[in-house]
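Residues take their numbers from the sequence shown, with the count starting at 1. Just so it is clear, the values below take in all heavy atoms, side chains as well, and ignore hydrogens, waters and symmetry mates.
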Amino acid sequence: MAYDSHQKAAEFHMLAAHAHQAAAAHHGKEDHLTAHEQSRQAMEYASKAFEFSKQAHDESSAIFKKLEKKS
């Protein structure tokens, strides 16, 4: 279960990075409207990545605490 959250977080981090790179390329070509849309999309992906990262952390902490209590 925690693995899925880590995997989804990683995927959204990759999507955000790609969208940031695309936005930078469009800015370099002075295509500011497309760059703005890419930046907006990058922010959405980064927000989702943060949410999944937090969820993965919380799940991992819960698993660790259960294991710690058993030892």
Side-chain angles (χ1 to χ4, degrees):
M1 189 163 144
Y3 175 79
D4 291 339
S5 296
H6 285 286
Q7 187 64 33
K8 286 185 180 198
E11 289 170 10
F12 278 109
H13 280 294
M14 298 279 282
L15 288 169
H18 178 72
H20 279 295
Q21 290 171 334
H26 287 291
H27 270 295
K29 294 176 184 175
E30 297 191 18
D31 183 0
H32 299 293
L33 290 177
T34 303
H36 177 72
E37 176 59 22
Q38 290 289 333
S39 294
R40 184 196 59 74
Q41 188 176 42
M43 184 62 184
E44 285 181 23
Y45 289 144
S47 294
K48 287 183 181 180
F50 175 76
E51 289 172 22
F52 280 109
S53 293
K54 185 176 179 333
Q55 180 181 345
H57 176 269
D58 293 344
E59 290 171 359
S60 294
S61 293
I63 291 169
F64 180 75
K65 286 178 184 177
K66 282 183 183 179
L67 292 174
E68 198 174 56
K69 285 181 182 180
K70 288 182 181 179
S71 6

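In terms of the side chain to side chain donor-acceptor pair (under 3.5 Å) criterion, Q38 has no residue partners (sequence neighbours excluded). Among residues two or more places apart in sequence or in another chain, the side chain to side chain contact (heavy atoms under 4.5 Å, CB included) test is passed with S53 by A9, H13. In this structure E37 satisfies the salt bridge (Lys or Arg N to Asp or Glu O under 4.0 Å) test together with R40, sequence neighbours excluded.
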Show me the side-chain donor-acceptor pairs of residues 25-36 shorter than 3.5 Å, one per line, residues at least two apart or across chains.
unit_1: H27; atom_1: ND1; unit_2: H32; atom_2: ND1; d: 3.1
unit_1: D31; atom_1: OD1; unit_2: T34; atom_2: N; d: 3.4
unit_1: D31; atom_1: OD1; unit_2: T34; atom_2: OG1; d: 3.1
unit_1: D31; atom_1: OD2; unit_2: T34; atom_2: OG1; d: 2.9

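For residues 46-71, the pairs satisfying ring-ring contact (aromatic ring centres under 6.0 Å, His included) are F12-F52, with sequence neighbours left out.
Rounded to the nearest 0.5 angstrom, E68 CD and S61 OG are separated by 10.5 Å. The distance from the CG atom of L67 to the NZ atom of K69 is 11.5 Å, given to the nearest 0.5 Å. Here the NE2 atom belonging to H20 is positioned 8.0 Å from the CE atom belonging to M43, to the nearest 0.5 angstrom.
For the side-chain contact (heavy atoms from CB on, under 4.5 Å) test with S5, the passing option among K54, E51, E59 is E59; the others fail.
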